[in-house]
Amino acid sequence: MNDSRRILPADPRATYLAAKSEIDAAIQRVLASGTYILGPEVAAFEQEFAAWLGASGTVTVANGTDAIEIALRAVGVGPGDVVATVANTVTATVAAIVAVGAEPLFVEIEPDTMLMAAPALAQALNTPLGRRVKAVVPVHLYGLACDMPAIVEIARAHGIAVVEDCAQSHGSIVAGRMAGTWGDVAAFSFYPTKNLGALGDAGAIVSGRKDVLENARLLRQYGWRHRYVSEVHGRNSRLDELQAAILRVRLGRLTAENTYRGALAERYLAGLQGAGLQLPVVAPGRTHTWHQFVVRTPARDRLKAQLEQQGIIAGVLYPVPIHQQPAYRQDLSLPQTERACREVLSLPLHAGLTPEDVDRVIQATRGMA
Ligand SMILES: *Cc1c(COP(=O)(O)O)cnc(C)c1O
């Protein structure tokens with residue numbers, strides 16, 4: 001055991017090195033091809049990712065935030081609409097809602113999973129602001145999918161669209177179906193630290209609806225169906241060939257890496273029993289892809305600082321709920337959300353860690369908690 005080695009919360013360089021020869025070859029192939037944007041690598045990745053998910057189609061875009069924004073526009077959300085989501089998410093989720101001219105309505109979370117609470121959604125939709133909701137964005141946070149059967153049923157009853165934020169849930173299953181195949185549309189990020197990460201920015205929109213996929217395809221490139229003729233007000237959110245080629249290599253390893261993350265998570269769960277921390281739950285009928293291994297303690301800041309002294313870098317996703325951030329401030333109280341933001345700590349978990357690394361984190365954590 002080398003105690004001097006720093007243990008990072010995520011390690012994109014390790015994921016590159018694990019597939020170095022394949023990725024290097026893919027990069028050389030693209031460089032030699034002469035096509036660098038929206039070419040055969042992008043088309044192949046779109047097909048392969050849809051097949052992996054069991055989805056009917058995908059449209060790649062420049063990043064995960066764009067994917068949410070374009071997905072919202074593709075289902076008809078626009079200026080003056082309201083979009084229901086949670087406040088314990090990354091700013092990107094809400095930035096995308098605001099970017100289409102809509103207003104976020106924050107819904108409370110379940111205390112155990114820290115995911116959108118379906119009863120709270122139903123309640124929010126019956127308020128005056130809730131009656132203007134056009135779409136709901138459930139966030140499958142940390143790698144655990146939301147209660148999609150309940151959320152989809154509520155959305156159908158209210159006639160609103162479901163736009164899944166799948167940036168942290170590449171491969172999460174709930175009630176036998178992949179996250180990203182429940183809603184009208186789903187948005188994925190392939191930011192380098194995600195379970196499926198590029199070596200730069202990348203994102204994708206997934207849908208079973210032909211009209212939504214077609215809208216997304218137009219919106220990502222100036223509203224073009226045919227070159228130089230804009231049918232709608234689109235934008236530029238294209239994916240480049242290098243990232244697509246890299247993602248094809250990484251996709252081939254995703255199932256195995258998710259399984260390996262699961263083994264490391266089991267090790268944490270066993271090793272941290274009785275350590276005085278609230279451990280993550282896997283709700284019945286769901287599989288966790290362990291994008292983050294999140295423990296909870298009121299002494300979060302102290303534990304984080306003490307781990308850091310031993311070279312163990314833990315993350316906080318996310319310290320400030322969106323409704324308390326200057327740009328998005330809303331005068332409302334969400335006690336479960338606010339408590340989660342005060343207590344959560346992500347212990348290092350990624351495919352570049354060894355079981356011995358995890359044991360070192362367990363020992364250090366047990367010594368303090
Ligand atoms: C990473 C992330 C995003 C944004 O993705 P980018 O590719 O960074 O734009 C959106 N939502 C969640 C939950 C994320 O974790």
Open item on the list: Any donor-acceptor pair under 3.5 Å linking the side-chain atoms of Gln168 with those of His140?
Closed with: no
- [ ] May I ask you to test the Pro321-Cys341 pair for a side-chain heavy-atom distance under 4.5 Å?
- [x] yes
Open item on the list: Given 3.5 Å as the limit, does a donor-acceptor pair link the side chain of Arg225 with the main chain of Leu218, or not?
Closed with: no
- [ ] Kindly check if the number of other-residue, nucleotide or ligand heavy atoms within 6.0 Å of CD (Gln325) is above 12?
- [x] yes
Task: Whether Glu108 side chain and Thr337 backbone form a donor-acceptor pair below 3.5 Å - done: yes
TODO: Mark yes or no for whether Arg177, through its side chain, and Thr181, through its backbone, hold a donor-acceptor pair below 3.5 Å.
DONE: yes
- [ ] Give a yes or no on whether the backbone of Leu251 and the side-chain of His170 come within a donor-acceptor separation of less than 3.5 Å.
- [x] no
Task: Min side-chain heavy-atom separation Leu277-Arg296 under 4.5 Å - done: no
- [ ] For side chain to side chain contact (heavy atoms under 4.5 Å, CB included), just list the numbers for Ser230 and Trp224, CA-CA rounded to whole Å, side-chain angles, deciding distance to a tenth of an Å, and then say yes or no.
- [x] CA-CA 5 Å; Ser230 298; Trp224 287 353; 3.4 Å; yes
Open item on the list: Is it true that Tyr16 and Asp11 share a donor-acceptor pair across their side chains at a distance under 3.5 Å?
Closed with: no
Open item on the list: Could you check whether Glu46 pairs with Arg220 (Lys NZ or Arg NE/NH1/NH2 to Asp/Glu carboxylate O, under 4.0 Å)?
Closed with: yes
Task: Close aromatic pair by centroid cut-off 6.0 Å: Phe49 and Phe188 - done: yes
Task: Nearest-0.5 Å distance that lies between atom CZ in Arg250 and atom CD in Glu22 - done: 11.0 Å
Task: Hydrophobic cluster membership, Leu125 vs Ile151, 4.5 Å side-chain cutoff - done: yes
Task: Asn215 side-chain N/O to Ala74 backbone N/O, donor-acceptor pair under 3.5 Å - done: yes
TODO: For Val174 and Trp182, work out which heavy atoms get closest and say how close.
DONE: O-CZ2, 3.0 Å
TODO: Could you pull out the closest heavy-atom pair between Leu264 and His350, with the gap in Å?
DONE: CD1-O, 3.6 Å
Task: Inter-residue atom distance Leu347.CG - Leu353.CG, 0.5 Å rounding - done: 11.0 Å
- [ ] Find the distance between CE (Met116) and CD1 (Ile109) and round it off to the nearest 0.5 Å.
- [x] 10.5 Å
Task: Modelled atom types, side-chain donor and acceptor of Thr354 and Asp357, under 3.5 Å - done: yes
Open item on the list: Can you confirm whether Lys194 sits close enough to Ser189 that some side-chain heavy atom of one is under 4.5 Å from a side-chain heavy atom of the other?
Closed with: yes
TODO: Ignoring hydrogens and angles, state whether a donor on the side chain of Arg238 or Tyr222 is under 3.5 Å from an acceptor on the partner side chain.
DONE: yes
Open item on the list: In this structure, would Val163 and Val98 fall into the same cluster of hydrophobic residues linked by side-chain contacts under 4.5 Å?
Closed with: no
Task: Backbone of Val83 reached by a side-chain donor or acceptor of Glu103 within 3.5 Å - done: no
TODO: Walk me through it: do Val137 and Leu72 pass the test side chain to side chain contact (heavy atoms under 4.5 Å, CB included)?
DONE: CA-CA 9 Å; Val137 181; Leu72 287 166; 4.2 Å; yes
Task: Side chains of Glu343 and Thr297, donor plus acceptor under 3.5 Å - done: no
- [ ] Go through the steps to decide whether Thr91 and Tyr328 satisfy the test side chain to side chain contact (heavy atoms under 4.5 Å, CB included), and finish with yes or no.
- [x] CA-CA 9 Å; Thr91 301; Tyr328 302 100; 3.6 Å; yes
Task: same_hphob_cluster(Leu334, Met114) at 4.5 Å side-chain heavy-atom cutoff - done: no
TODO: Give the cluster check for Val30 versus Val249: same hydrophobic cluster or not, with ILVMFWY residues linked at side-chain heavy-atom distances below 4.5 Å.
DONE: yes
TODO: Kindly indicate, with the supporting measurements, whether the criterion side chain to side chain contact (heavy atoms under 4.5 Å, CB included) is fulfilled by Met148 and Glu164.
DONE: CA-CA 9 Å; Met148 291 312 288; Glu164 301 177 69; 3.9 Å; yes
Open item on the list: Please determine whether the number of non-hydrogen atoms from other residues, nucleotides or ligands lying under 6.0 Å from atom CZ of Arg13 exceeds 12.
Closed with: no
Task: Leu345 CG to Asp301 CG distance, which is reported to the nearest 0.5 Å - done: 9.0 Å
Task: Enclosure of Glu231 CD (heavy-atom neighbours >12, cutoff 6.0 Å) - done: yes
Task: Side-chain donor or acceptor of Tyr36 paired with backbone N/O of Leu31 under 3.5 Å - done: yes
- [ ] Could you grab the distance from atom CZ of Arg131 to atom CD1 of Ile160, nearest 0.5 Å is fine?
- [x] 13.0 Å
Task: Asp66 bridged to Arg235 by N-O distance under 4.0 Å - done: yes
Task: Glu338 side chain to His323 side chain, donor-acceptor N/O pair below 3.5 angstrom - done: yes
Open item on the list: Ignoring hydrogens, what is the shortest heavy-atom contact between Leu269 and Gln273? Give both atom names and the distance.
Closed with: O-NE2, 3.1 Å
TODO: Might you point out which heavy atoms bring Arg267 and Pro355 nearest each other, and give the distance in Å?
DONE: NE-O, 3.3 Å
Open item on the list: Tell me whether Ser237 contacts the main-chain N or O of Ala62 through its side chain, where contact means a donor paired with an acceptor under 3.5 Å.
Closed with: yes
Open item on the list: Quick check: do Phe45 and Pro40 have side-chain heavy atoms less than 4.5 Å from each other?
Closed with: no
Open item on the list: Any heavy-atom pair between the side chains of Arg342 and Arg339 that's under 4.5 Å?
Closed with: yes
Open item on the list: Quick check on the hydrophobic clustering: are Val282 and Val294 connected, directly or via other members, by side-chain heavy-atom contacts under 4.5 Å?
Closed with: yes
Task: Student check: side-chain heavy atoms of Tyr260 and Trp290 closer than 4.5 Å - done: no
TODO: Check whether any side-chain heavy atom of Val185 sits under 4.5 Å from a side-chain heavy atom of Val206, and report yes or no.
DONE: no
Open item on the list: I'd like to know if Glu214 and Arg209 make a salt bridge, using a cut-off of under 4.0 Å between side-chain N and carboxylate O.
Closed with: no
TODO: Quick one: closest heavy-atom pair of Ala275 and Arg366, and the distance?
DONE: CB-NH1, 3.9 Å
Open item on the list: What I want to find out is whether Lys304 reaches Glu308 closely enough, with some N-O distance under 4.0 Å, to be called a salt bridge.
Closed with: yes
TODO: Please check if the side chain of Tyr191 supplies one atom and the backbone of Ala167 the other of a donor-acceptor pair under 3.5 Å.
DONE: no
Task: Ala118 to Ala150 - nearest heavy-atom pair and separation - done: CB-CB, 3.7 Å
Open item on the list: Can you tell me how far apart CG (Asn63) and CG (Leu239) are? Round to the nearest 0.5 Å.
Closed with: 10.0 Å
Open item on the list: Given 3.5 Å as the limit, does a donor-acceptor pair link the side chain of Glu69 with the main chain of Ala96, or not?
Closed with: no
TODO: Answer yes or no: is there a side-chain heavy-atom contact under 4.5 Å between Gln292 and Leu317?
DONE: yes
- [ ] State whether a side-chain donor-acceptor pair under 3.5 Å links Thr93 with Thr85.
- [x] no
- [ ] Classify the side-chain pair His291/Asn195 by whether it contains a donor and acceptor separated by less than 3.5 Å.
- [x] yes
